[in-house]
Amino acid sequence: MTTLWHNLRLIDQPDVDAIVSDGATISWVGKQTDAPDCDQKVDLGNAWVTPGLIDCHTHVVFGGERAHEFDMRLQGKSYAEIAASGGGIASTMQATRQSDEQTLYKLARQRIEQLIADGVTTIEIKSGYGLDEQSETKMLRVIRKLGEELPVTILSTALLAHSLPPEYADDKAGYVYWVCQMLPKLHKEGLIDAVDAFCEHLAFSPEQVTQIFDCAGRLGLPVKLHAEQLSLQGAAQVAARFHAMSADHLEHLDEAGVVAMAKAGTVAVLLPGAFYFLRETQYPPVNLLRRYQVPIAIASDCNPGTSPVLSLRLMMNMACTLFRLTPAEALAGVTVNAAKALGLQNSHGQIAPGFSADMIAWQVDDPAELCYWLGGQLPHQRIYQGELDVSQGV
């Protein structure tokens, strides 16, 4: 069925006031007076229309919570100190291992529904809280089920190299070998779209990440990387060497890493929620990223320990207030650049013929309001794959 969406405004295309979708795909964009005949028409009330928002870095599938660590951090404990005392990822690992698929699904669905209500139409979800075969497989199956049952596009990323489980406490090399044995199994089951790793002094070294990315490459799987979050490890260069879709966090990124990312076409994913929650003082080098024209994406990093965030629009505000992005850069960061960070640059994140008909019609006076308001939901209509989502919006 073809639909004419009209009486609308596009930020970067002032002459456009109508969009035609054919099923789940945009087929035409232009002036309504020139629009082709359609099966139905929908008046969007002079709304500002953007692509559906894309959250390109989340960990929304997990068991338990870590509110007590929030209290510990306020008392002066660092991320590394909390992890060394048995907290951090190890705490969530235990809760996730103990949760069945139904529980994980229910909890994750509640979190995703909050993101959907905020205008999100595409979400990336990582594993990495199971850290054994049964639990990682369980997480990835939940991710696939969420994608099948919710009105949102979900991509699944295997983050087995997130932390070292207790079974391998004294054998990090053995665990990396296990990861490389697991990836082909999970890929064969159709459970993963990409591979990620945490490259950090308290996680995995550049050499160990290289082993894992070599394995991903043999499987034809794209990669992305948690890089330069707590210290400078040369992780951005590792990501660039493998033409990673993205390198994420990047507070300690240096110019050499920026240059490498620019040459490789790797997107910089900034995560202001984690920066804020950890009370970091080292800012990502936004001006260097601009100078070398590295695309900047923004994501929620929704996770139980360092970014319990359920609003991507709040991250747009924080990207502006904390990292000094402009509202236009923040919007690009959750649309066109976020799509590139997921390898979806040819199908998502833009309002153009051939792209997915995922759109948000915002009833606001100024597009900058998307970044301006703190909390709450802005009046909007959510269009997912060419269908008006009547359960969300105004």
Side-chain angles (χ1 to χ4, degrees), residues 11-12 48 50-60 114-115 118-124 224-230 236 245-253 257-258 261-262 266-303 306-342 345 348-350 360 362 364 366-378 380:
I11 297 169
D12 56 350
W48 286 100
T50 70
L53 306 188
I54 299 171
D55 198 345
C56 64
H57 180 134
T58 84
H59 305 254
V60 298
Q114 294 294 312
L115 293 168
D118 214 33
V120 171
T121 56
T122 301
I123 302 174
E124 183 256 19
K224 54 212 311 204
L225 187 62
H226 287 61
E228 328 290 28
Q229 179 186 9
L230 305 174
M245 295 186 291
S246 71
D248 304 30
H249 286 288
L250 302 175
E251 283 86 340
H252 290 265
L253 178 65
V258 174
M261 290 172 63
T266 298
V267 176
V269 178
L270 305 186
L271 304 170
F275 177 91
Y276 167 83
F277 201 74
L278 292 173
R279 296 189 295 173
E280 295 287 358
T281 57
Q282 177 73 34
Y283 289 82
V286 170
N287 285 333
L288 277 176
L289 294 170
R290 287 170 174 151
R291 183 191 309 170
Y292 288 98
Q293 299 182 336
V294 175
I296 299 173
I298 306 297
S300 71
D301 191 21
C302 177
N303 75 73
T306 63
S307 190
V309 169
L310 296 174
S311 170
L312 189 56
R313 276 203 316 103
L314 178 59
M315 296 303 94
M316 294 169 68
N317 173 277
M318 286 190 177
C320 294
T321 57
L322 298 176
F323 299 159
R324 301 296 188 265
L325 267 63
T326 66
E329 287 175 323
L331 180 59
V334 296
T335 54
V336 59
N337 292 342
K340 191 173 191 295
L342 296 178
Q345 62 268 29
H348 290 70
Q350 298 183 53
I360 309 296
W362 304 97
V364 295
D366 189 321
E369 291 187 58
L370 302 186
C371 301
Y372 166 74
W373 291 103
L374 286 169
Q377 294 177 13
L378 293 182
H380 69 274

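In this text, all values refer to a predicted model and were calculated from it rather than measured experimentally.
- A distance of 10.0 Å separates CG in Leu310 from CG in Asp55, rounded to the nearest 0.5 Å.
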So Leu230 and Gln282, side chain to side chain contact (heavy atoms under 4.5 Å, CB included) or not? Walk me through it. CA-CA 9 Å; Leu230 305 174; Gln282 177 73 34; over 6 Å; no
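- The aromatic rings of Phe275 and Phe323 stand perpendicular to each other, their planes meeting at an angle above 60°, with 30° marking the opposite boundary.
- Here the SG-NE2 distance, from Cys56 to His348, works out to 13.5 Å after rounding to the nearest 0.5 Å.
- In this structure, the side chain of Asp301 does not engage the main chain of Thr58 through any donor-acceptor pair within 3.5 Å.
- Within the 4.5 Å cutoff, the side chain of Met261 has heavy atoms near those of the Leu250 side chain.
- For the pair Leu253 and Leu289, the minimum side-chain heavy-atom distance is below 4.5 Å.
- The backbone N or O of Ile296 sits nowhere less than 3.5 Å from a side-chain atom of Arg290 that would complete a donor-acceptor pair.
- Contact of the Pro51 side chain with the Val336 side chain is not registered, since no non-hydrogen atoms from C-beta on lie closer than 4.5 Å.
- Within a 6.0 Å sphere centred on OH of Tyr276, other residues, nucleotides and ligands contribute 12 heavy atoms or fewer.
- How far OG1 of Thr335 is from CE of Met316: 8.0 Å, rounded to the nearest 0.5 Å.
- Remark: of the listed residues Gln229, Met315, His226, His249, His249 is the sole one forming a side-chain contact (heavy atoms from CB on, under 4.5 Å) with Leu271.
- Between atom NZ of residue Lys224 and atom OG1 of residue Thr266 there is a gap of 10.5 Å, rounded to the nearest 0.5 Å.
- One distance of note links CD of Gln114 with CD of Gln377; it measures 7.0 Å at 0.5 Å rounding.
- The heavy-atom pair separating Thr281 from Tyr283 by the smallest distance is O-CD1, 3.4 Å.
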Under the side chain to side chain contact (heavy atoms under 4.5 Å, CB included) criterion, do Val286 and Leu270 qualify, and how do the steps go? CA-CA 9 Å; Val286 170; Leu270 305 186; 4.0 Å; yes
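- Between Asn317 atom CG and Leu322 atom CG the span is 8.0 Å, to the nearest 0.5 Å.
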Set out, in order, the CA-CA distance, both residues' side-chain angles and the distance that settles side chain to side chain contact (heavy atoms under 4.5 Å, CB included) for Arg324 and Asn287, then state yes or no. CA-CA 10 Å; Arg324 301 296 188 265; Asn287 285 333; over 6 Å; no
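- Distance alone, capped at 3.5 Å, places no donor-acceptor pair between the Asp118 side chain and the Ser311 backbone.
- Proximity of a side-chain donor or acceptor of Thr122 to a complementary backbone N or O of Gly52 within less than 3.5 Å is not detected.
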